[in-house]
Amino acid sequence: MRLETEVLGVRFQNPFFLAAGTCGFGLELAEVLDLEVLGGFVTKSVTLEPRLGNARPRVAEFGGGMLNSIGLANPGLEKTKREKLPWIRDNVCRPRVLVSVAGHTVTEFFMLVEGLDSEDGFLGFEINLSCPNDARRGGKPFALDPSAVAEIISGCRMRTQRPLVAKLAPNDSDLPRTVRVATEQGADALTLVNTLPGVLLNVSTGDPELGAGDGGISGPALRPSGLRAVREARANTHLPLFGVGGILTAADAVEYAHAGASLVQMGTASFAWPRAAEQAIEGLMGWGRKHQIGAWDDLVSKSPGGNGSSSRSEPFDPIESAEEG
Ligand code: RRO
């Protein structure tokens with residue numbers, strides 16, 4: 001099966017990315033995984049100032065996957081420019097890189113995009129609108145507020161010509177509206193989904209397992225939620241979609257293609273098995289042979305809504321829509 005695909009006007013050698021927060025800025029994983037096999041990766045979310053992160057422990061495992069509250073630990077804008085992006089520019093050849101940015105305020109998103117736009121080494125931005133662990137926002141992601149989504153995406157759009165990918169939340173009670181807002185305001189693609197809010201309690205004490213209390217669920221338990229969100233988004237936008245949530249194997253990626261994703265991101269699986277993406281890429285070629293599918297693109301174009309066909313025609317007013325809600 002041919003895995004190359006063209007999305008966002010560029011060619012990807014295969015549809016597999018590593019998700020934000022699971023591969024640092026690349027170099028953190030380069031010793032255990034040959035990054036060059038990937039279609040791409042998304043960096044850890046960058047904030048304006050460096051952040052140490054939330055109280056430990058920050059991760060806990062359970063039968064369905066993992067709960068995290070890392071709390072946006074990252075080196076901040078200046079160090080990302082000075083050290084992280086030059087490493088990517090000098091060491092990453094074939095994979096395409098998206099830099100994830102996370103503001104605590106709308107204006108911070110603009111400052112991050114402006115601050116990074118003139119740097120080398122990356123393709124575009126993943127705008128993280130859906131972090132469930134930002135204590136400064138009381139855990140309420142921007143993605144659940146359509147007028148904030150409109151403001152952030154339109155403002156970022158004015159500040160860069162690079163691809164803008166909006167990362168949305170799985171617990172959005174009106175995802176079609178959010179998808180349409182992001183589309184109308186100039187996003188080039190959407191990522192679905194971030195982690196789902198949850199908590200794990202110590203059975204003896206009743207205390208939360210994570211230092212911060214609540215966290216975000218990822219891993220196999222998230223896959224049905226991610227698939228549902230991709231299908232729902234597919235019905236409401238013509239934009240290419242990144243599917244993420246519980247992808248471990250080639251078959252999981254195929255499931256996301258059926259739902260309407262053009263590209264996929266692996267997250268928690270690569271924490272447990274750093275070479276999971278490499279194996280899934282090989283597995284995908286085998287899957288194609290077995291099922292006589294010639295190309296990844298054929299799978300994507302057979303999904304409901306297909307690749308590039310929009311089910312929307314009427315113009316959409318995000319402000320009016322936000323007021324209706
Ligand atoms: O750093 C985190 O705690 C974190 C982020 Br920014 C995110 O977007 N999703 C997540 O599960 N954790």
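All ligand and atom numbering here is 1-based and tracks the order in the structure. Side chains are part of it too, since the values below use all heavy atoms of this structure and drop only hydrogens, waters and symmetry mates.
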Arg223 atom CZ: more than 12 heavy-atom contacts under 6.0 Å
yes
Next item on the list: Scan side-chain atoms only and decide if Thr191 and Glu126 contain a donor-acceptor pair under the 3.5 Å cut-off.
Entry: yes
Expected contact list for ligand 1 at under 4.0 angstrom, heavy-atom basis, is Lys44, Asn68, Ser69, Ile70, Gly71, Leu72, Asn128, Cys131, Pro132, Asn133, Asn194, Thr195
Residue pairs passing the ring pair (Phe, Tyr, Trp, His ring centres under 6.0 Å) test with at least one member in residues 7-27, sequence neighbours excluded, are Phe12-Phe17, Phe17-Phe242
Residue pairs passing the side-chain hydrogen bond (donor to acceptor under 3.5 Å, both in side chains) test with at least one member in residues 83-99, sequence neighbours excluded, are Gln13-Arg94
Going by atom types alone, do Ser173 and Asn171 pair a side-chain donor with an acceptor below 3.5 Å? no
The complete set of side-chain hydrogen bond (donor to acceptor under 3.5 Å, both in side chains) pairs with one or both residues in residues 149-165, sequence neighbours excluded, reads Glu114-Arg159, Asp117-Thr160, Asp117-Arg162, Arg157-Asp188
